[in-house]
Amino acid sequence: MKVVVVVATFGRAEHVARLLAQLERQTRLPDAVIISAPDADHIPNNLVCRFPVSSVFGKTGLPAQRNIALDAAGDCFDIITFFDDDFIPADDYLDGVSRAFMQQPDWAVVTGNVLKDGATTAGLTWDEGIQALHEAGKATEAPGVDQFSAYGCNMSIRAAFIGGLRFDERLVLYGWQEDVDFTSQLRARGRVVSLQSIRGVHLGIKGGRVSGVRFGYSQVTNPIYLIRKGTVPLSFALRLMGRNLLANLARSLWPESYIDRRGRLRGNLLALSHVARGRVQPEYILEI
């Protein structure tokens, strides 16, 4: 099965270069890598890899950049693997993905086991991420566990099941919950599965993200938009919004140094005021 790795990036050329170096270590090399960026200023120069690397340019924003890469991939590949530019896959990651799809023809999406996730902390360095992979040791085989959706930092999709489905570009910029929206729709075409034996580390690099106010606005508006769209259930969205609202409120007096809690809370409250007036527009963050 032919595998293409898609990396959407913004302002992180040095991290893309390190990710490509890590992909050189894969026991099963990708058949191609597509880097999607707003323009050439966001990608490393003089790329020389053991696999073909191409770049596509266009709009800014995670969903739009992933869609441009999907269009570029066309029908040339069997598996499309999305990695964040700060995700470090274990050396046997792509081999595990390939075997999983070959052995399980009804699987539509495979998402791996994130050993450490810097998105929930101050973030990890590349050295810390690589050390975490070394400390984890050899992976053990385990059955796949069905999921509602996949985690966007590392998700692989059977290309034949995608068809005309695309990421929702109304979820602009960081695309909060765009992975849930996209992969939950694929459950109608096959199983969405997590595999513990396919592993990696998400560094959660803080640079290149949207402002606290914008992100806080998306934390409320995007789940409500997806409820209306019909791709997430009410219970899922309410839990997600409630957890974030409570965290931002509770920690706004003594915020973490790496999270703009007060900005997020302002964004939450602005979004709630808009929703109360019947305004549910994820793209409004472009006006903030």
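Residues satisfying the side chain to side chain donor-acceptor pair (under 3.5 Å) test with S55, not counting sequence neighbours, are none. Checked against ring pair (Phe, Tyr, Trp, His ring centres under 6.0 Å), Y151 has the following partners two or more places apart in sequence or in another chain: H202. Every residue two or more places apart in sequence or in another chain that forms a side chain to side chain donor-acceptor pair (under 3.5 Å) with E135 is listed here: Q131. Looking at residues two or more places apart in sequence or on another chain, you find no salt bridge (Lys or Arg N to Asp or Glu O under 4.0 Å) involving D179. The side chain to side chain donor-acceptor pair (under 3.5 Å) search around Q196 returns N113, not counting sequence neighbours. Annotation: salt bridge (Lys or Arg N to Asp or Glu O under 4.0 Å) contacts of R199 (sequence neighbours excluded): none. Applying the side chain to side chain donor-acceptor pair (under 3.5 Å) rule to E14 yields no partners; only residues at least two apart in sequence or on another chain are considered.
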### Task
Go through the steps for K229 and D168 under the test salt bridge (Lys or Arg N to Asp or Glu O under 4.0 Å), then give the verdict.
CA-CA 11 Å; K229 184 178 177 181; D168 192 332; 2.9 Å; yes
### Task
Carefully, step by step, assess F10 and L173 under the rule side chain to side chain contact (heavy atoms under 4.5 Å, CB included).
CA-CA 10 Å; F10 180 90; L173 300 182; over 6 Å; no
### Message
Determine whether L270 and V220 satisfy the following criterion, side chain to side chain contact (heavy atoms under 4.5 Å, CB included), listing intermediate values before the conclusion.
### Response
CA-CA 9 Å; L270 177 61; V220 171; over 6 Å; no
#### Entry: Verdict with supporting geometry, N154 and T111, side chain to side chain contact (heavy atoms under 4.5 Å, CB included)
CA-CA 6 Å; N154 79 117; T111 190; 3.9 Å; yes
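Within the model, atoms CE of M241 and CG of N268 stand 10.0 Å from one another, a figure rounded to the nearest 0.5 Å. Here the CG atom belonging to L133 is positioned 10.0 Å from the NZ atom belonging to K116, to the nearest 0.5 angstrom. Here the straight-line distance linking atom CE of M1 with atom CD1 of I79 works out to 4.5 Å at 0.5 Å rounding. With values rounded to the nearest 0.5 angstrom, L23 atom CG is found 4.5 Å from L19 atom CG. To the nearest 0.5 Å, the span separating CZ on R191 from CG on D106 amounts to 5.5 Å. Remark: L249 CG to L265 CG distance equals 6.0 Å, nearest 0.5 Å.
Under the 4.5 Å side-chain heavy-atom criterion for ILVMFWY residues, no single connected hydrophobic cluster contains both V110 and L186. Transitive grouping of hydrophobic side chains (ILVMFWY, heavy atoms separated by less than 4.5 Å) brings I198 and I88 into a common cluster. Both V180 and L238 are assigned to one and the same hydrophobic cluster, defined by single-linkage of ILVMFWY side chains at heavy-atom distances under 4.5 Å. In the hydrophobic cluster analysis, where Ile, Leu, Val, Met, Phe, Trp and Tyr join through side-chain heavy atoms closer than 4.5 angstrom, V145 is grouped apart from V109. The hydrophobic clustering, which links ILVMFWY residues whose side-chain heavy atoms are closer than 4.5 Å, places L240 and I259 apart.
Between R99 and D95 there is a salt bridge, since a side-chain N of the basic residue sits under 4.0 Å from a carboxylate O of the acidic one. A salt bridge does not link D78 to R158: none of the charged side-chain nitrogens sits closer than 4.0 Å to a carboxylate oxygen.
At least one side-chain heavy atom of I34 sits less than 4.5 Å from a side-chain heavy atom of V4. Counting heavy atoms from C-beta outward, V16 and I35 have side chains that approach closer than 4.5 Å.
Scanning all heavy atoms of the two residues, the minimum distance from A150 to T183 falls at N-OG1, 2.9 Å. Nearest heavy-atom pair, S252 versus R262, reported as atom, atom and distance to 0.1 Å: O-NE, 2.6 Å. The two residues Q147 and S194 come nearest to each other via the heavy atoms NE2-OG, 3.1 Å. Smallest separation of non-hydrogen atoms from I227 and A237: CD1-CB, 3.3 Å. When all heavy atoms of G129 and L203 are compared, the pair lying nearest together is CA-CD2, 3.9 Å. Closest non-hydrogen pair, F83 versus V5, comes out as CD1-CG1, 3.6 Å.
With 3.5 Å as the limit, one finds no donor-acceptor pair spanning the side chains of T27 and D91. Counting only N and O atoms by type, the side chains of Q219 and N248 include a donor and acceptor under 3.5 Å apart. Checking S184 against S149 by side-chain atom types alone, no donor-acceptor pair falls below 3.5 Å. Side-chain atoms of R279 and Q281 include a donor-acceptor pair closer than 3.5 Å. Side chains of Q185 and T231: a donor-acceptor N/O pair is absent below 3.5 angstrom, by distance only.
Residue pairs meeting the ring-ring contact (aromatic ring centres under 6.0 Å, His included) criterion with at least one member in residues 264-288, sequence neighbours excluded: Y217-H274, Y217-Y284, H274-Y284. Within the structure, ring-ring contact (aromatic ring centres under 6.0 Å, His included) contacts touching residues 56-76 (residues at least two apart or in different chains) do not occur. Residue pairs meeting the ring-ring contact (aromatic ring centres under 6.0 Å, His included) criterion with at least one member in residues 220-269, sequence neighbours excluded: F148-F236.
Taking a 6.0 Å sphere around NZ of K59, one finds it holds 12 or fewer heavy atoms contributed by other residues, nucleotides or ligands.
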Just distance, no hydrogens or angles: give the donor-acceptor pairs under 3.5 Å from side chains in residues 61-76, sequence neighbours left out.
unit_1 : atom_1 : unit_2 : atom_2 : d
Q65    : OE1    : G61    : N      : 3.1
Q65    : NE2    : T9     : O      : 2.9
Q65    : NE2    : S36    : O      : 2.9
R66    : NH1    : E178   : OE2    : 2.2
R66    : NH2    : D84    : OD1    : 3.4
R66    : NH2    : G152   : O      : 2.9
N67    : OD1    : F167   : N      : 2.8
N67    : ND2    : P63    : O      : 3.4
N67    : ND2    : F167   : O      : 2.8
N67    : ND2    : E169   : OE2    : 2.9
D71    : OD1    : R166   : NE     : 3.1
D71    : OD1    : R166   : NH2    : 3.0

Show me the side-chain donor-acceptor pairs of residues 37-51 shorter than 3.5 Å, one per line, residues at least two apart or across chains.
unit_1 : atom_1 : unit_2 : atom_2 : d
D39    : OD1    : D41    : N      : 2.9
H42    : ND1    : G11    : N      : 2.7
R50    : NH1    : E24    : O      : 2.8

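The main-chain N or O of I162 is found under 3.5 Å from a side-chain atom of R189 such that the two form a donor-acceptor pair. With hydrogens and angles ignored, the 3.5 Å screen pairs a side-chain donor or acceptor of D86 with a backbone N or O of G204. In terms of modelled atom types and a separation under 3.5 Å, the side chain of D85 and the main chain of H15 share no donor-acceptor contact. Of the possible donor and acceptor atoms, none in the side chain of T221 sits under 3.5 Å from a partner among the backbone N and O of S218. Formation of a donor-acceptor pair under 3.5 Å by the R264 side chain with backbone atoms of G212 is not found in this model. Between the T81 side chain and the M155 main chain, no donor and acceptor come within less than 3.5 Å of each other.
Aromatic ring centres of F101 and W107 lie farther apart than the 6.0 Å criterion allows.
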